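Report on the structure given below.
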Amino acid sequence: MTDANLLLEKDGPLATIIFNNPKALNALTVATFCGLEKLLNELEQDAAVRVVILTGAGEKAFIAGGDIGHLGNLDADGAREFALLAQRVINQIETFPKPVIAAINGYALGGGCELAMGCDLRIAADSAKFGQPEVKLGIIPGFAGTQRLARLVGKGRAKELVFTGEMIDAAEAFRIGLVNRVVAKEKLLEEARVLAFKMCDKSASAIKLAKEAIDNGLEMDFARAARYEADLFALCFTTADCKEGISAFLEKRPAKF
Ligand code: CAA
């Protein structure tokens with residue numbers, strides 16, 4: 001199943017996926033997740049693509065959550081299935097072998113905030129709003145938001161957001177570490193692209209291994225994680241990028257990865 005409400009734009013090494021159902025504030029459906037999974041599979045294989053940006057169409061929302069109309073039709077088994085599908089695709093973003101940047105142009109609520117948290121970096125428009133409002137619907141976050149939010153901003157702040165269901169603005173999201181930076185709304189995509197291009201001319205193999213070191217290492221105790229880092233560091237020395245990067249430095253020329 002694919003989703004007509006997903007757009008893909010390519011600009012050299014940069015791919016932008018746009019959630020494009022602004023009338024429903026880009027709410028996430030089963031079809032959206034299936035379509036996203038398919039697009040990510042394609043972009044993973046496309047060697048020309050170095051960085052992926054995710055953003056929302058329209059003035060108001062990045063993604064205002066899971067589709068509440070769909071949630072209304074679910075029984076417990078259906079709800080688990082929906083949650084596991086969403087978790088699988090958000091995991092795919094998190095373990096994607098290239099950087100994924102969320103450019104958050106408006107509401108990032110419920111499943112929208114959960115999806116943004118699966119990205120490597122989050123840039124927010126100054127007008128963006130964040131929240132986990134599920135308790136207002138008598139449910140809890142189901143796309144691994146309880147876990148990623150607590151890991152990103154700490155247990156106390158995560159509980160405050162999840163228990164109250166209240167929204168916070170972009171400045172507060174920045175203050176608590178939920179987003180990396182906040183920019184003027186009209187500059188959001190431009191700034192996201194500038195940041196992405198800073199990664200595009202670096203070693204893709206090194207960035208991939210750095211991502212694995214940070215994400216997988218954080219799930220281990222420190223000593224094991226440091227050892228894991230040393231193994232990945234060693235792996236770098238088997239790559240062409242390592243030879244090129246170090247030769248370029250010694251020959252006083254820009255590296256060409
Ligand atoms: N699902 C389905 N439709 C949604 C939606 C959602 N999550 N959020 C907004 N919409 C729809 C509205 O129903 C409305 O549709 P109609 O024009 O057909 O009535 C349209 O988008 C525009 O929304 P509003 O008129 O409500 O816009 P607003 O500016 O007055 O309010 C808002 C904006 C505060 C974001 C409000 O829409 C809202 O509270 N949305 C729901 C947010 C929410 O609860 N998200 C969590 C969903 S649960 C979840 O995500 C599950 C999970 O983690 C597993």
Side-chain angles (χ1 to χ4, degrees), residues 1 3-7 17-37 54-94 102-119 122 124-153 155 157-173 178-179 182 185 188:
M1 202 189 305
D3 188 3
N5 295 323
L6 281 171
L7 302 177
I17 296 175
I18 303 163
F19 296 95
N20 186 37
N21 185 16
K23 274 196 280 188
L25 305 188
N26 305 321
L28 296 164
T29 62
V30 169
T32 316
F33 281 113
C34 294
L36 184 56
E37 189 169 44
L54 302 183
T55 196
E59 286 296 301
K60 279 171 84 169
F62 173 66
I63 297 167
D67 180 348
I68 300 174
H70 176 60
L71 295 179
N73 294 324
L74 297 177
D75 59 11
D77 287 339
R80 185 180 298 104
E81 209 177 300
F82 188 40
L84 290 176
L85 167 68
Q87 289 186 10
R88 188 177 79 221
V89 180
I90 295 173
N91 272 340
Q92 191 183 359
I93 295 172
E94 195 169 60
I104 301 162
N105 54 306
Y107 291 114
L109 300 175
C113 189
E114 294 175 288
L115 187 142
M117 288 191 290
C119 298
R122 284 155 291 285
D126 48 9
S127 56
K129 295 239 176 347
F130 299 79
Q132 296 292 157
E134 286 87 349
V135 291
K136 295 185 188 169
L137 302 168
I139 60 175
I140 67 169
F143 301 171
T146 57
Q147 303 311 303
R148 287 201 178 88
L149 187 60
R151 282 165 171 75
L152 259 179
V153 305
K155 199 160 145 178
R157 287 184 177 126
K159 285 183 174 172
E160 186 174 332
L161 281 165
V162 172
F163 294 177
T164 65
E166 280 187 359
M167 284 190 235
I168 56 171
D169 62 17
E172 177 67 359
L178 183 53
V179 299
V182 180
K185 187 181 181 186
L188 176 67

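The structure displayed is predicted, hence computed values, not measured ones. Both counts, for ligands and for their atoms, begin at 1 and track the order of listing.
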Ligand-side contact atoms (ligand 1) for residue partner [X], heavy atom cut-off under 4.0 Å:
| X | value |
| --- | --- |
| Glu114 | 52 (C), 53 (O) |
| Leu71 | 48 (S), 51 (C) |
| Leu109 | 35 (C), 42 (C) |
| Gly65 | 50 (O) |
| Ala27 | 1 (N), 2 (C), 6 (C) |
| Lys60 | 27 (O), 28 (P), 29 (O) |
| Phe143 | 54 (C) |

Does the [X] side chain pair with the main chain of [Y], one donor and one acceptor, at a distance under 3.5 Å?
| X | Y | answer |
| --- | --- | --- |
| Asn26 | Asn21 | yes |
| Asn105 | Ala124 | no |
| Arg148 | Gly118 | no |

Say whether [X], considering both its backbone and side-chain N or O atoms, lies within less than 3.5 Å of an N or O atom on ligand 1.
| X | answer |
| --- | --- |
| Ile68 | yes |
| Met167 | no |
| Gly111 | yes |
| Gly110 | no |

- prompt: So, do Leu178 and Glu172 sit near enough that their side-chain heavy atoms are less than 4.5 Å apart?
  reply: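 Contact flag for Leu178/Glu172 side chains = no.
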
Give a yes or no on whether [atom] lies under 4.0 Å from any heavy atom of the protein.
| atom | value |
| --- | --- |
| atom 45 (N) of ligand 1 | yes |
| atom 30 (O) of ligand 1 | no |
| atom 12 (C) of ligand 1 | no |
| atom 48 (S) of ligand 1 | yes |
| atom 16 (P) of ligand 1 | no |

Non-hydrogen atom of [X] closer than 4.0 Å to ligand 1:
| X | value |
| --- | --- |
| Ala24 | yes |
| Lys23 | yes |
| Leu28 | no |
| Pro133 | yes |

query: Ile18 and side-chain contact (heavy atoms from CB on, under 4.5 Å): which partner among Asn5, Leu6, Leu7?
result: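 In the set Asn5, Leu6, Leu7, the residue that makes a side-chain contact (heavy atoms from CB on, under 4.5 Å) with Ile18 is Leu7.
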
- prompt: Which value, rounded to the nearest 0.5 Å, describes the distance between Leu28 atom CG and Phe82 atom CZ?
  reply: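 CZ of Phe82 is found 6.5 Å from CG of Leu28.
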
task: Between Leu115, Ile140, Leu25, flag the one that comes closest to atom 22 (C) of ligand 1 by a heavy atom.
output: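 Heavy atom nearest to atom 22 (C) of ligand 1 belongs to Leu25.
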
field: Worked verdict on Phe19 versus Leu54 for side-chain contact (heavy atoms from CB on, under 4.5 Å)
entry: CA-CA 8 Å; Phe19 296 95; Leu54 302 183; 4.1 Å; yes

task: Report the part of Glu134 (side chain from C-beta onward, or backbone N, CA, C, O) that has a heavy atom under 4.0 Å from ligand 1; answer both or neither where that applies.
output: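 Looking at Glu134 and ligand 1, just side chain atoms fall under 4.0 Å.
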
side-chain contact (heavy atoms from CB on, under 4.5 Å) between Val30 and Leu85, intermediate numbers included: CA-CA 8 Å; Val30 169; Leu85 167 68; 3.8 Å; yes

- request: Check the pair Arg151, Gln147 against side chain to side chain donor-acceptor pair (under 3.5 Å), reporting the backbone distance first and the verdict last.
  value: CA-CA 6 Å; Arg151 282 165 171 75; Gln147 303 311 303; 3.2 Å; yes

- prompt: Step by step, would you call Phe33 with Leu115 a side-chain contact (heavy atoms from CB on, under 4.5 Å)?
  reply: CA-CA 10 Å; Phe33 281 113; Leu115 187 142; 4.2 Å; yes

